[in-house]
Peer 1: 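Got a structure for you, written out below as structure tokens; questions coming shortly.
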Amino acid sequence: MDMVKKISDIVFNVFYYKVALMFFLIPTLLVYCVSFNYKLLFFMMGWGALVCVYDLLVRRNFVKARGMLWLIGFLVTFALSVILNFKTGLTLNISSWAYTAIALFVLYPDSAIKDKNTVLKELSVINNIFIGMTTIFSTISLGMYVCLYGEIVKFGDQEYSIGWTHNRLFGVYANTGYMITAIGLAIILIQIAVVKVKDGKLKKPYIAFLAYTAFVDFCSMCMENAKGAFFSLAGFFAIGAFFIALRKMLKKGKKAFLSGAVSVVAAVLAVGIMFGVIYSARPLLSYVPSLYHQAGGSYYGEEKEETPDDEKDGEIESVEIDRNLDESYGFFTGRTKIWKFGLEQFANKPLLGYGPQSHREYFVVDNYLRHFHNLIVQTLVSVGSIGSIFIFGFFLLTFVFILKKLFKKAKDGDDNYYVTVLLFAFLGMLLVNSMAEVTILFITRFAMFMFWMFLGYCLSLVSDGEKPKGTELLEGISDKVNKIFKKSK
């Protein structure tokens with residue numbers, strides 16, 4: 001019995017599930033692990049479902065977290081949309097709903113009700129896992145760019161090439177849209193703030209390790225050449241710089257208006273410096289040797305031939321690093337056409353929508369439509385206006401609550417202020433990215449799980465013990481359901 005209890009304690013421990021998500025899902029973003037993606041996702045879905053059921057019936061953390069009535073309304077509407085559109089994309093829609101339910105009912109509430117010391121400990125573990133894995137993967141990518149010029153790399157029965165795909169260097173990462181390296185840079189800064197609060201200072205070997213990780217992640221991010229990653233990271237720096245400057249000015253006794261003005265200037269400077277460094281580095285990085293042949297055909301545009309052996313020697317020339325796209329696509333690389341199509345679809349089913357995976361057979365902007373490249377459009381199409389009211393109402397009220405707390409803590413002071421600010425900046429970063437991708441809902445990307453975990457942690461750090469509205473109602477409903485369940489047993 002002791003062994004059974006130990007196993008159940010591990011299986012139903014949400015923190016262990018969070019750690020497993022980091023270990024299992026990040027490798028699925030690598031080009032060499034794509035074939036294992038669905039198997040790992042299916043395994044983690046099953047484990048998450050067990051944890052979710054246990055929490056609903058036993059732990060009941062979901063009744064204690066802020067805004068759960070809004071999230072329940074969203075998930076119910078989401079389920080209705082899937083049921084009503086069962087003829088298209090049913091399996092994928094069910095999978096999307098299940099993973100969204102795990103994020104909203106397990107990861108978010110568990111993180112949102114922690115005490116502050118536990119939050120810092122969990123953050124430190126999760127951050128270090130992410131930093132360690134991206135250190136390895138970005139180092140391999142950079143080594144491949146430099147060493148594997150003109151080579152086809154074979155793994156098993158498949159061939160992979162390392163180098164440019166439509167003027168973007170992918171390396172071992174399967175898709176730049178996942179924004180792994182940009183997120184890695186943000187996580188490093190969050191971890192520095194966490195360690196300073198927990199331990200007081202960073203040890204020199206750890207500083208060197210973080211500096212190296214930042215270097216390889218930065219190089220990979222520049223060569224991936226994803227606008228979404230650049231602007232999302234800019235959002236992170238802008239939000240972080242604003243609140244850090246605000247705290248420092250108010251601490252010196254400056255007036256609120258002057259402090260706010262200086263904070264805005266700090267945010268603009270932070271963004272300007274970031275873009276300046278990126279665009280200064282990219283011409284140098286364009287000299288990195290790269291392979292033009294894409295094994296099995298190019299993902300974008302026409303296939304290019306491998307460099308012949310007798311032409312590999314000699315001076316290495318700079319490669320054009322900007323993407324060559326159809327001029328009609330514009331600055332948003334064709335996304336406006338996708339958004340327009342999505343809004344037209346929403347108009348046909350404005351109440352409950354179609355479900356998130358019901359348009360994969362549509363061919364838009366020279367490609368099959370996996371998603372609508374915008375969280376607002378995707379939500380309107382997926383769950384209609386009813387579901388959109390629930391989820392955007394939750395976001396509005398939650399972020400207003402966090403902002404009020406941050407402005408108050410900027411004035412009054414708080415030991416965890418800088419950690420909280422960087423967590424909030426990270427959430428803003430993913431929201432910015434969601435205006436060009438679908439990062440935090442519907443799509444089973446690791447960034448979705450990180451968003452909901454870190455949102456919960458941010459709320460735990462800013463809260464002062466207030467009992468969220470709706471808690472008593474949820475507790476009453478939960479008690480009645482438990483009584484019915486016990487009687488049926």
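Computed from a predicted model, the values in this text were never measured in an experiment.
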Peer 1: Pick one: which of F105, F12, Y17 meets ring-ring contact (aromatic ring centres under 6.0 Å, His included) with Y54?
Peer 2: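 Going through the options one by one, the only one that passes is F12.
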Peer 1: Does K121, at its NZ atom, have more than 12 non-hydrogen atoms belonging to other residues, nucleotides or ligands within less than 6.0 Å?
Peer 2: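 Atom NZ in K121 is not crowded, with 12 or fewer foreign heavy atoms closer than 6.0 Å.
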Peer 1: Using 4.0 Å as the upper bound for N to carboxylate O, is an ion pair formed by D110 and K18?
Peer 2: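 A salt bridge is present here (some side-chain N lies under 4.0 Å from a carboxylate O).
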Peer 1: Examine distances only and state if a side-chain atom of H373 and a backbone atom of E437 form a donor-acceptor pair shorter than 3.5 Å.
Peer 2: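 Looks like no, no N/O pair under 3.5 Å.
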Peer 1: Determine yes or no for a side-chain-to-main-chain donor-acceptor pair under 3.5 angstrom, with N416 supplying the side chain and V419 the backbone.
Peer 2: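 Judged by distance alone, no pair lies under 3.5 Å.
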Peer 1: Just one of F426, F449, F236 clears the ring-ring contact (aromatic ring centres under 6.0 Å, His included) bar with F454, so which one?
Peer 2: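 The ring-ring contact (aromatic ring centres under 6.0 Å, His included) with F454 is passed solely by F426 among F426, F449, F236.
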Peer 1: Does the side chain of I180 reach to within under 4.5 Å of the side chain of F446, using non-hydrogen atoms?
Peer 2: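 Yes, their side chains come closer than 4.5 Å.
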Peer 1: List the atom of A229, the atom of A182, and the distance in Å for their closest heavy-atom pair.
Peer 2: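 So the minimum-distance heavy-atom pair works out to CB-CB, 4.0 Å.
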Peer 1: For residues A234 and V271, report the shortest heavy-atom separation together with the two atoms involved.
Peer 2: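 Result for this residue pair: O-CG2, 3.5 Å.
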Peer 1: Please say which of L185, T134, I136, T181 ends up in a side chain to side chain contact (heavy atoms under 4.5 Å, CB included) with T213.
Peer 2: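 Single side chain to side chain contact (heavy atoms under 4.5 Å, CB included) partner of T213 among L185, T134, I136, T181: T134.
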Peer 1: Within the 4.5 Å heavy-atom criterion, are L104 and W452 side-chain neighbours or not?
Peer 2: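 Heavy-atom side-chain distance check passes, below 4.5 Å.
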Peer 1: Can you tell me how far apart OH (Y418) and CG (L423) are? Round to the nearest 0.5 Å.
Peer 2: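 CG of L423 is found 15.0 Å from OH of Y418.
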Peer 1: Roughly how far, to the nearest 0.5 Å, is CD of E122 from OH of Y457?
Peer 2: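 Output value for this atom pair is 3.5 Å.
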Peer 1: Does any N or O in the side chain of T135 come within less than 3.5 Å of the main-chain N or O of I131, such that one atom is a donor and the other an acceptor?
Peer 2: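 Yes; judged by distance alone, with no hydrogens or angles, the pair exists.
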Peer 1: Work out which heavy atom in W339 is nearest to a heavy atom in M435; give both atom names and the distance.
Peer 2: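 Looks like CZ2-O, 3.5 Å.
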Peer 1: Mind checking whether L202 and F209 have side chains closer than 4.5 Å, heavy atoms only?
Peer 2: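 L202 does not reach F209 side chain to side chain.
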Peer 1: Within the structure provided, determine whether I190 and I187 are in side-chain contact (heavy-atom separation under 4.5 Å).
Peer 2: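 Answer yes - side chains close enough.
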Peer 1: Using a 6.0 Å cut-off, check whether atom CG of D415 has over 12 heavy atoms from anything other than its own residue.
Peer 2: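 Counting neighbours around CG of D415, 12 or fewer heavy atoms of other residues, nucleotides or ligands fall under 6.0 Å, so no.
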Peer 1: When rounded to the nearest 0.5 angstrom, what distance separates CD in Q191 from NZ in K198?
Peer 2: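 With rounding to 0.5 Å, CD (Q191) is 7.5 Å from NZ (K198).
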Peer 1: Roughly how far apart are M429 CE and L233 CG, rounded to 0.5 Å?
Peer 2: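 CG of L233 is found 5.0 Å from CE of M429.
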Peer 1: For A447 versus I183, what's the shortest heavy-atom pair and its separation?
Peer 2: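 For A447 versus I183, the nearest heavy atoms are CB-CD1, 4.2 Å.
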Peer 1: Any idea which heavy atoms bring R66 and Y108 closest together, and the distance?
Peer 2: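 Closest pair (atom of R66, atom of Y108, distance): O-OH, 2.5 Å.
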Peer 1: One pair to check against ring-ring contact (aromatic ring centres under 6.0 Å, His included): F407 and F243. What are the steps and the verdict?
Peer 2: CA-CA 8 Å; F407 281 115; F243 280 102; 5.3 Å; yes
Peer 1: What is the distance from atom CZ of F399 to atom CG of L406, rounded to the nearest 0.5 Å?
Peer 2: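 It comes to 11.0 Å.
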Peer 1: Say you draw a straight line from CG of L430 to CE of M450; how long is it, rounded to the nearest 0.5 Å?
Peer 2: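 Separation between the atoms: 8.0 Å.
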Peer 1: If you compare all heavy atoms of N433 against all heavy atoms of S232, which two are closest, and at what distance to 0.1 Å?
Peer 2: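 Looks like CB-OG, 3.0 Å.
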Peer 1: Are the aromatic rings of Y99 and W47 close, with centres under 6.0 Å apart?
Peer 2: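 No: the rings miss the under 6.0 Å criterion.
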